[in-house]
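Throughout, residue positions are numbered sequentially from 1 according to the sequence presented. Basis for what follows: all heavy atoms, side chains included, without hydrogens, waters or symmetry-related copies. Keep in mind it's a predicted model, so treat the numbers as computed, not measured.
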Amino acid sequence: MNPPNEMNSDEVLRVKLEVLRREHRDLDDAIDALGNTISADQLTLRRLKKQKLSLKDKIARLEDQLTPDIIA
């Protein structure tokens with residue numbers, strides 16, 4: 001049993017997952033805001049989109065770790 005102030009591995013993964021989801025949403029907002037400007041820097045937009053995609057991949061991997069395998 002874990003002491004009261006320690007989290008188990010699933011709880012740590014859930015916290016990491018929530019942080020990544022928040023970062024993903026923030027990047028989405030930044031991309032939308034930058035894309036709506038007249039002088040949008042295309043290089044910055046591409047970098048932000050690439051970073052957002054990377055976060056999406058990390059989120060998917062964490063979700064897979066939290067989802068138990070179902071043996072068919």
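- Between the CD1 atom of Ile31 and the CG atom of Asp26 there is a distance of 11.0 Å, given to the nearest 0.5 Å.
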Residues Glu23, Lys16; criterion salt bridge (Lys or Arg N to Asp or Glu O under 4.0 Å); working and verdict: CA-CA 11 Å; Glu23 287 180 33; Lys16 287 181 181 179; over 6 Å; no
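- For Arg25, the CZ atom sits in a packed shell: over 12 heavy atoms of surrounding residues, nucleotides or ligands are nearer than 6.0 Å.
- When the side chains of ILVMFWY residues are joined at heavy-atom separations under 4.5 Å, either directly or via intervening members, Ile59 and Leu53 end up in two distinct hydrophobic clusters.
- Between the side chain of Asp28 and the backbone N or O of His24, no donor-acceptor pair lies under 3.5 Å.
- The distance from atom NZ of Lys49 to atom CG of Leu34, rounded to the nearest 0.5 Å, is 9.5 Å.
- Contact detail for Leu20 and Leu55: the closest heavy-atom pair is CD2-CD2, 3.4 Å.
- Note that NZ of Lys58 and CG of Leu17 are 13.0 Å apart. Values are rounded to the nearest 0.5 Å.
- Between Gln42 and Arg46 there is a side-chain heavy-atom pair separated by less than 4.5 Å.
- Side-chain atoms of Thr67 do not come within 3.5 Å of backbone N or O of Asp64 as any donor-acceptor pair.
- Between the side chain of Glu11 and the backbone N or O of Asn8, at least one donor-acceptor pair lies under 3.5 Å.
- Remark: Leu13 CG to Arg61 CZ distance equals 12.5 Å, nearest 0.5 Å.
- In this structure, the separation between CG on Leu43 and CG on Leu48 is 9.5 Å, given to the nearest 0.5 Å.
- At a threshold of 4.0 Å, the pair Glu63-Arg14 does not count as salt-bridged, since none of the basic side-chain nitrogens sits closer than that to a carboxylate oxygen.
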